[in-house]
Every structure is written in C-alpha cells, then in structure tokens.
*Asks:* 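Submitted below is the structure of interest, expressed as structure tokens.
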There are 2 protein chains.
Amino acid sequence: MYSRRMTTPERLIEATRELLWERGYVGTSPKAVQRLAGAGQGSMYHHFRGKPDLALAAIRRTAEEMRAAAARVLDGDGSAYARIEAYLLRERDVLRGCPVGRLTMDPDVVASDTLRAPVDETLDWLRGRLAALVREGVEGGEFDGALDPGRTAATVVATLQGGYVLARASGSAAAFDTAIAGLLELLRARRVGAATDLSRTE
Amino acid sequence: MYSRRMTTPERLIEATRELLWERGYVGTSPKAVQRLAGAGQGSMYHHFRGKPDLALAAIRRTAEEMRAAAARVLDGDGSAYARIEAYLLRERDVLRGCPVGRLTMDPDVVASDTLRAPVDETLDWLRGRLAALVREGVEGGEFDGALDPGRTAATVVATLQGGYVLARASGSAAAFDTAIAGLLELLRARRVGAATDLSRTE
DNA sequence: GTCTATACTAAGATAGAC
DNA sequence: GTCTATCTTAGTATAGAC
C-alpha cells in the first residue's frame, strides 16, 4: 500500500502501474487497484472515468520514465558502441520483463489505439535514438560503413525485448544475458578494425 | 466454432489453443472456450479437471507444433546461414505474435511450473537446434571461428521474439521485418570471406 | 472527495438429472 | 458423456448519502 502522503490519484496511478507490470491490463481489476492504492471504489471513479482511463494515465507515466532512463544512458559519455553496450548491460529486473513491451501482449491494449499509442511511441523513440547513435558511430568511422543504422537499431530493441521472453520462460535471467552477449559480439565485429578473433573477449 | 466431426475434447483443446494465442491465459475463460468449442459446461468438466488442465493440454500441443514447424525448416537443405535465414524469413502471422512466447507474459503461466514447462522446453529446444546449426557452420568453415554458437542462437531467438513485440506495438509487421533484416546483416558479416561492404546486399 | 449501497455480468466450478 | 441448476466470488461500474 502506498504512502498516504501521496494524493489519492497519485496512489491510484502508482498502484495501477505496478499491477499492469505484474499482471497486464486484462489481469488487473479496478478492485485490486483500489486495494493496493488504499482508495475506495467511489474515490477511484471520482478521479478517473474507469479502468481504461486510469490505465492510460499509468501507461503514459511508465512510458515516460522508460524513455528518461534510456536517455540517461544513451546520451552519456563514450563511443557509440560503449553507450549501446552500457544501455544493454545496465541493471534490470529481468524477470519482471519490460513494463512497456509486455503491454503489446495484452489484447485489450493492442485493440485500443489510445492505450497502444504510448507503447508504440516509446519503442519507436528508442529505436530512433539507437539508430542515431549507430549512425553517429558509422559517420565517425567507429562502425563499418555498411552497417545500417535503422535496421541495426530495430535488432537491438528486438533482442532486448525477446531477451525478457527467454528469461521469463526459463525462470532465470541467464538467458537474457546470453542473448545480449551474443548481440554485443555481433556488433563488436562491425567495429572498424575489429579483429573477429578477439570478439570472444567479453 | 469447430467441426462436429472432431471429438469434444479435441474441439475444447483447439478452442483453448486459439483463445490462449489471442487473449492469453488470464484473458481466457472456461465459458469462452465452451462457446467456441460448442461444448457445454458439464462436458468440459467431464473431460478436463478445469482451466489449468485444459490449458496444459492446449499449450503442449501448440509447443509440439511449433517445434515440428521449426524443425522442418532448420533440418532442410542448404548452408547453415541459408537455413537460419529461411527460418527467420518464413511466412508468419506476425501481428498475432508467437503462440508460445506470448505465454511468458502471462503471470499465471509463469507462476506455474507445470504450465511454464512446455514453453521453456520449446524455446530451449529451438535455441539448442540453432546453436547446433551455427556450430555446424563454424566447423564447416562457413562462419568465422570466433562466432559463439550458444550466444548467437540465443540472440536469434530473442530477436525473433522481440520482433513480435515491435510489430504488435506499431500495429504493423514492418518492424518485425526490419529487426530480422538487421540480424541477418549482422550474421552475414560473420561468414568467412564476407566482404562487409557487400553486407547491404539483401 | 470519499463512502456505502446496489446492480448486473462474468469467472470458475460442483451436483445431480438424464 | 452431456445438460441444467446452483453456488461463490470477482469484475466493472452507477447512485446517492455524507
């Protein structure tokens, strides 16, 4: 239960964020949200029109936080490769999955353009940001000129999202780490002057 | 509604498979299954102990079919790269997602070792099969010797699974195709004698 | 703003007739 | 094997008092 020092709408949004991450949209009931938020039925319907409205507020906030967290790493110091690596290797609660990506498996989210929009925008933003970084690396002579920024960025985001799938299937973060390590090896081989025989170096 | 020429348990399993794919475990109710299968309440509980029991039968069958379909391509003709490419580019109903992978986003499936087992085994099998193929390519001199089979295989499966996430987020199969294309470019660059400047060649 | 009452449908299952 | 009846709890609200 969330601190009473948050306003009721705040607590409702935070509770919804947590439940959406854990159980998805379909698996999250208004009743469960109210319980976790410590708010009554009437209170929830006073501040939000209903489940979709509340979920939209929660999804928007989660999406925004994810973008901010990614930007902190991707806009950091170091070479293009180093920043991509830092992003992929940063601390994650792997077994919980991605709070944004998981929503794409929710039929009701995908069926609603409104609920899907923040999800789409966030993954698209990430893809764009990574593509710009790869392009920077190519133009700066760090990556080989044949590396396609847009396609490479899509592959990076997909591997990340799929890594969560593998981890959750096996019940262990190891599969995620392995997939990411494999991707990084493939990327390192595209650095100019890369000795492929050294690509085993972790 | 399924043909009456199938037995009732058959129709129940097929209906469950379809609904699990579409709406996940949490979003699939016994009532909806019965409606789609054209079977009564009592009928369903006569043949299956309940929702988890029926879901297990459905998941097992879906997992088996997925393995068989993958094996048909991966055990085919051609070089290691060619077979991996054929598998990644084969016809898919991208926007529906992977009927096995999507289950990892289902809290009740992940919470049950029994329901999770077929999912885990299938993705693990796929990873192993791809790893063997990469190893074959390395040992046959097709791929560069520094390419790690296990890690590469994990990356391939993850990119595939994540490709579905991107496609469903954007409502279009294009993002999936782009991610796969990016992965194939990265893989092609590891073929022995690969001219990276030609790696743009699709 | 928050609470309680009320409503109606669905989820998930058991019992027993046929 | 299948059907109908019944049960209990949850889902998703609306109405109106406080």
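Within every chain, numbering begins at 1; the chains are lettered A, B, ... in the order of the sequence lines, protein sequences first and strands thereafter. For clarity, every value in this text was computed on a predicted model and none was experimentally measured.
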*Asks:* According to side-chain contact (heavy atoms from CB on, under 4.5 Å), who are the partners of A:Arg60, at least two apart in sequence or on a separate chain?
*Replies:* A:Leu56, A:Pro118
*Asks:* Less than 4.0 angstrom between a side-chain N/O of A:Thr8 and OP1 or OP2 of C:dG1, yes or no?
*Replies:* no
*Asks:* Please list, chain by chain and in numerical order, all residues satisfying side-chain hydrogen bond (donor to acceptor under 3.5 Å, both in side chains) with B:Asp93, sequence neighbours excluded.
*Replies:* none
*Asks:* Report, one line per pair, each donor and acceptor closer than 3.5 Å where one atom sits in a side chain of residues 65-72 of chain B; sequence neighbours left out.
*Replies:*
unit_1	atom_1	unit_2	atom_2	d
B:Glu65	OE1	B:Arg17	NH2	3.3
B:Glu65	OE2	B:Arg17	NH2	3.4
B:Arg67	NH1	B:Thr122	OG1	2.8

*Asks:* Between atom CG in A:Asp108 and atom P in D:dG11, what is the gap in whole Å?
*Replies:* 14 Å
*Asks:* Could you tell me how far apart B:Leu12 (CG) and D:dT2 (P) are, to the nearest whole angstrom?
*Replies:* 9 Å
*Asks:* State which residues pass salt bridge (charged side-chain N to carboxylate O under 4.0 Å, His left out) with B:Arg35; sequence neighbours excluded, sorted by chain then number.
*Replies:* none
*Asks:* I'd like to check the side-chain contact (heavy atoms from CB on, under 4.5 Å) partners of A:Val94; sequence neighbours left out, ordered by chain and number.
*Replies:* A:Arg92, A:Tyr164, A:Ala167, A:Ala173, A:Phe176
*Asks:* Which value, rounded to the nearest 0.5 Å, describes the distance between B:Thr152 atom OG1 and B:Leu187 atom CG?
*Replies:* 7.0 Å
*Asks:* Indicate every side-chain donor-acceptor pair of residues 46-53 of chain B with a distance under 3.5 Å to a residue at least two apart or in another chain.
*Replies:*
unit_1	atom_1	unit_2	atom_2	d
B:Lys51	NZ	B:Tyr25	O	2.9
B:Lys51	NZ	B:Thr28	O	2.8
B:Asp53	OD2	B:Arg49	N	2.9

*Asks:* I'd like to check the side-chain contact (heavy atoms from CB on, under 4.5 Å) partners of A:Arg102; sequence neighbours left out, ordered by chain and number.
*Replies:* A:Asp106, B:Met105, B:Pro107
*Asks:* Kindly compute the distance separating OG1 (B:Thr155) from CD1 (A:Ile180), expressed to the nearest 0.5 Å.
*Replies:* 7.5 Å
*Asks:* Taking DNA chain D as the partner, which of residues 42-49 of chain B come within under 4.0 angstrom of it by heavy atom?
*Replies:* B:Gly42, B:Ser43, B:His46, B:His47
*Asks:* For A:Leu54 and D:dA13, what is the distance between atoms CG and C1' respectively, to the nearest whole Å?
*Replies:* 14 Å
*Asks:* Quick one: bend of the helix from C:dG1-D:dC18 to C:dC18-D:dG1 from 5 pairs per end, to 10°?
*Replies:* 0°
*Asks:* Could you pull out all donor-acceptor pairs under 3.5 Å where a side-chain atom in residues 74-90 of chain B meets a protein atom, sequence neighbours excluded?
*Replies:*
unit_1	atom_1	unit_2	atom_2	d
B:Asp75	OD1	B:Arg129	NE	2.9
B:Asp75	OD1	B:Arg129	NH2	2.6
B:Ser79	OG	B:Ala82	N	3.0
B:Ser79	OG	B:Glu142	OE2	3.3
B:Tyr81	OH	B:Glu85	OE2	2.9
B:Tyr81	OH	B:Arg188	NH1	2.8
B:Arg83	NE	B:Gly78	O	3.2
B:Arg83	NH1	B:Leu74	O	3.0
B:Arg83	NH2	B:Glu136	OE2	2.9

*Asks:* Mind listing the N/O atom pairs, protein and nucleotides 9-11 of chain C, below 3.5 Å?
*Replies:*
unit_1	atom_1	unit_2	atom_2	d
C:dA11	OP1	B:Ser29	OG	3.2
C:dA11	OP2	B:Ser29	OG	3.2

*Asks:* Excluding sequence neighbours, so at least two apart, what forms side-chain contact (heavy atoms from CB on, under 4.5 Å) with A:Ala175?
*Replies:* A:Leu166, A:Ser170, B:Arg127
*Asks:* Rounded to whole Å, please give me the gap between CD in A:Gln34 and P in D:dA10.
*Replies:* 13 Å
